[in-house]
Amino acid sequence: QVQLVESGGGLVQAGSSLRLSCAASGRTFSSYGTSWFRQAPGKEREFVADIDWTGIRTYYGDSVKGRFTISRDNAKNTVYMQMNSLKPEDTAVYYCASRRGTLSSATYDYWGQGTQVTVSS
């Protein structure tokens, strides 16, 4: 079992920054990749970013590339996402998920409860 808890969301103005955290407990979190997703009202869930278990390989969705940075601290069992130059279209609930398998054939067994990010124009 893995428990994931996101934090760091909030209400900010366009152009601002936020750092989300995904704290894990349970099975060996550091042995697995972790992805961030987001879902805005009335829209489908969207892939945002992924990081492998080493923290070396990262991958980003096109809409956030160059603005968001994913990282991890395995000693703290935590994955972070630094979000810069936020736009109103980044408004969504952000979820982290523990990934099993490769990114192209991922299985997400565990999800956090989500944290709300709201960006005002």
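Computed from a predicted structure; not experimentally measured.
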Check: Between F37 and F47, how do the two ring planes meet: parallel, tilted or perpendicular, split at 30° and 60°?
Finding: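 F37 vs F47 ring planes: perpendicular.
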Please check this pair: side chain of [X] against backbone of [Y], looking for a donor-acceptor N/O pair closer than 3.5 Å.
| X | Y | answer |
| --- | --- | --- |
| T115 | G9 | yes |
| T54 | I56 | yes |
| D73 | N77 | no |
| E6 | C96 | yes |

Item checked: Results of side chain to side chain contact (heavy atoms under 4.5 Å, CB included) for T102 - residues two or more places apart only ->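 Checked T102 against side chain to side chain contact (heavy atoms under 4.5 Å, CB included); matches are S104, S105.
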Checklist line | Any residue meeting side chain to side chain contact (heavy atoms under 4.5 Å, CB included) with W53, in chain and number order, not counting sequence neighbours | finding: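 By the side chain to side chain contact (heavy atoms under 4.5 Å, CB included) rule, W53 matches no residue at all.
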For residues 79-86, dump all side-chain donor-acceptor pairs below 3.5 Å to protein atoms at least two apart in sequence or in another chain.
{"from": "Q82", "atom 1": "NE2", "to": "N84", "atom 2": "OD1", "distance (Å)": "2.9"}
{"from": "N84", "atom 1": "OD1", "to": "S17", "atom 2": "OG", "distance (Å)": "2.9"}

Next item on the list: Taking all heavy atoms of P88 and all of S121, pick out the closest pair and write down the distance.
Entry: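 What the structure gives for the nearest pair is CG-CB, 3.8 Å.
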Can you tell if the side chain of [X] reaches within under 4.5 Å of the side chain of [Y], non-hydrogen atoms only?
| X | Y | value |
| --- | --- | --- |
| S63 | R38 | yes |
| L4 | S98 | yes |
| L20 | V117 | yes |
| Q1 | Y110 | yes |
| R99 | T107 | no |

Linking I/L/V/M/F/W/Y whenever their side-chain heavy atoms sit closer than 4.5 Å, directly or via other members, would [X] and [Y] fall into one cluster?
| X | Y | result |
| --- | --- | --- |
| W36 | V2 | yes |
| I51 | Y108 | no |
| W111 | L103 | yes |
| Y60 | Y95 | no |

Donor-acceptor side-chain pairing of [X] and [Y] below 3.5 angstrom:
| X | Y | answer |
| --- | --- | --- |
| E89 | T91 | no |
| R72 | T58 | no |
| S25 | Q3 | yes |

Check: Quick one: do K87 and D90 make a salt bridge, cutoff under 4.0 Å?
Finding: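 Salt bridge flag = no for D90 with K87.
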Check: Counting only heavy atoms not in K43, do more than 12 fall under 6.0 Å of its NZ?
Finding: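 Atom NZ in K43 is not packed in, count stays at 12 or less.
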